[in-house]
Number of protein chains: 2
Amino acid sequence: MPTYGQHAAGAGALLAILRDGRARTRGELARLTGLSRSTVSQRLDGLIGSRWVVEGEGSISSGGRPAAVFAFNGGAHVVLAADVGATRARLAVLDLGMNVLAERVAGLPVELGPEPVLGGVADTFRELLAAAGRGPDQVCGVGVGLPGPVEHRTGRPVNPPIMPGWNGFAVPEWLGERLGAPVLVDNDVNVMALGEHWAARPAVDHLIYIKIGTGIGCGIISGGRLHRGARGAAGDVGHIRVPASDAPCRCGNTGCLEAIAGGASMAAALRGAGVEARGSRDVVALMRAGDPRATRLVRQAGREVGTVMAAIVNFFNPSVILIGGDVAAAGEQVLAGVRETIYSRSLPLATQHLGIRAGELGDRAGVVGAAVMVVEHVLAPGSIDRPAAR
Amino acid sequence: MPTYGQHAAGAGALLAILRDGRARTRGELARLTGLSRSTVSQRLDGLIGSRWVVEGEGSISSGGRPAAVFAFNGGAHVVLAADVGATRARLAVLDLGMNVLAERVAGLPVELGPEPVLGGVADTFRELLAAAGRGPDQVCGVGVGLPGPVEHRTGRPVNPPIMPGWNGFAVPEWLGERLGAPVLVDNDVNVMALGEHWAARPAVDHLIYIKIGTGIGCGIISGGRLHRGARGAAGDVGHIRVPASDAPCRCGNTGCLEAIAGGASMAAALRGAGVEARGSRDVVALMRAGDPRATRLVRQAGREVGTVMAAIVNFFNPSVILIGGDVAAAGEQVLAGVRETIYSRSLPLATQHLGIRAGELGDRAGVVGAAVMVVEHVLAPGSIDRPAAR
């Protein structure tokens, strides 16, 4: 396993420069960082030892022998990423450029509890690594998105409603022991927002990713960074009260957005009308098959989401709102409802350049975002500079 | 005038260390920054020349002569801060510890236009500097809050509704020429949020400052930084639609929060009932005098603000919501209405540790925030390191 987070002060500054892909000499690195030449040499030795940097030979500059050059060695590292959903998990091996090298969707119902699910995740990661022709020593980190609230600092779920047995479970320690790499965990929607922000970079500083599936939630990027809020609870828009509704919600309140616009509530409404629909996927399938009741429900769900988002647009002034989740597969029917309401209710200055569209990454937003979360952590100057002793 | 933004790379890193107030030797600074000793010496010379650092003599360590020590010289600099309101401006001279050294409230109606108002601001600043016993050469920057949308990057107002003649006016250039220091400008509510965040530091990372005056708007701190949004329009909560209202708003829409809970609308409602009330201050004065209609209006305004904020709490999960502005002077009547609605409508996880209270700085939030904006800019490593040539 490559070392990481075990470099003395200054190594992060060197990597930050070398990450642009251009090879540099010791002299250039000393000049760019202001570090002494001897410090640069020491730090480069450490980074070469941990495979983050490779040494090569530069071109002859002025008659002398060629100076050694140093380059970022991203290709030697991979990230393992898991997007764990209610019934299935998408798992992938990615390189540092966020290319998916191997990928699988596994049936791992989250309600089985943490050890069976995470055991399945670890086993699948090993198979995917082998399929990608990479070794466990090349894994620089593991990213996991979970379908419930997570305390990001510790990576532990906090009273997740659909995840029996997971409350407070030490996911990073459990997985880290088995995979020999640092593990970062966050809420699935936060991770998806990170992925979509990565795909939309560098143009987008303020982004809202809203997932409309069984429930409704969103991930928020403010100034290029994930906004998790004071208690990690930011983005819980599914339980914002919608005017003129008193539908009971699974949260115990009435009138929540999720209780009229979530996939579960739409399926229940269809069942109440005698139509067979188990969940959000069935609602979308019915709509695609031309069922007018399903179409009406989906369009109205878009409007209800739009009503809530119109207020949030005035408050937050995002550059873009991206829509994902099962119901988003209904495409233009949902988007039309959302757009209709936001454009009629939000301020012109806030909507003038506002993009409202489906996410670019589709089902892969979660695994890409989980990998982004890992790479940003592992390559952060503070992380790289952290002494091994800590 | 002290130079600023004219130091070579590394000066910012030195200042960032010295800002804690502890004096350090060249050797310590070299070790802490990883910079070479000669680079440290060069950078210190520049910082001494621009009065940011002073040299002194340290204690004798091991038999030799005492090593020179270097310390942050904050006392040599002051900030000029202006909080320009609709009819009056509060102006102050502050030191870098945000202590107010001299202060005045001047009658400067913003509708007079930029040159008369800013001319009055500049004149008052000169008098306040003299009153504080400081010279113009000690001014490291000028911060201005304006009662309308401002493009922060350029410091120019953008279609401000109550500021005729100000649209696109080059405030920083105009004032900078007269005061010989860099000028930063932002919307008044953003600046107040910065001030209150400074007062609440370091405990509070996510803060919403809501100003209830003639109109209603808020400033947002996400992860310790001001969130301005994609077009600088973030925080415009006054025009969020409130359920069950179709009151016409000055923005041209109906049902806006401001149109039922703003000071101007409450005063109009009282006038409609035959009570003399010109604006938000009269409403609060009537309430304090025991007028039941004014009390009912203010309490209901608190509830309406609470309804909007309840949704925003679910979305944003702030650590604290601070209330300011004229109507906030009504104190517990407003707070009670806001709290009542937020606690009944927001999710338990998001409200568990949520503080909802009046701002700490009262009328000074604007000038303190304007000064914070300047200091953060002037002492930012990127700013300090910027070459003079640019």
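Remember, predicted model here, so these are calculated numbers, not experimental data. Hydrogens, waters and symmetry mates are skipped; everything else that's a heavy atom, side chains included, is used. Chain letters run A, B, ... following the sequence lines, proteins first, then strands; residues in each count from 1.
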Where does [X] contact chain A at under 4.5 Å (heavy atoms): side chain, backbone, both or neither?
X: B:Thr33; answer: backbone
X: B:Ala310; answer: neither
X: B:Leu347; answer: side chain
X: B:Arg241; answer: side chain
X: B:Arg228; answer: backbone
X: B:Leu354; answer: neither

ask   = With a 4.5 angstrom heavy-atom cut-off, which part of A:Ile208 approaches chain B: side chain, backbone, both or neither?
value = side chain
note = Okay, A:Ile312 and chain B: the region with an atom under 4.5 Å from a heavy atom over there is side chain
query = Counting a contact as any heavy-atom pair under 4.5 Å apart, which residues of residues 147-159 of chain B contact chain A?
reply =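 Listed by number: none.
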ask   = Between the side chain of B:His227 and the main-chain N/O of A:Phe316, is any donor-acceptor distance below 3.5 Å?
value = yes
task = May I ask you to decide if A:Asn314's main-chain N or O and B:Asp236's side chain share a donor-acceptor pair within less than 3.5 Å?
result =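 Looks like no, no N/O pair under 3.5 Å.
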request  = May I ask you to name which of B:Gly235, B:Gly229, B:Ser346 has the most heavy-atom pairs under 4.5 Å with chain A?
outcome  =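 Of B:Gly235, B:Gly229, B:Ser346, B:Gly229 has the most heavy-atom pairs under 4.5 Å with chain A.
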message = With chain A as the partner, which of B:Ile220, B:Val313, B:Asp205, B:Val237 has the greatest number of non-hydrogen pairs under 4.5 Å?
response =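 The option with the most such pairs is B:Ile220.
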Reported CZ-to-SG distance for the pair A:Arg345 and B:Cys256, which is rounded to 0.5 angstrom =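 Taking CZ in A:Arg345 and SG in B:Cys256, the distance rounds to 10.5 Å.
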key: Straight-line distance of A:Leu35 CG to B:Thr39 OG1, nearest 0.5 Å   = 9.5 Å
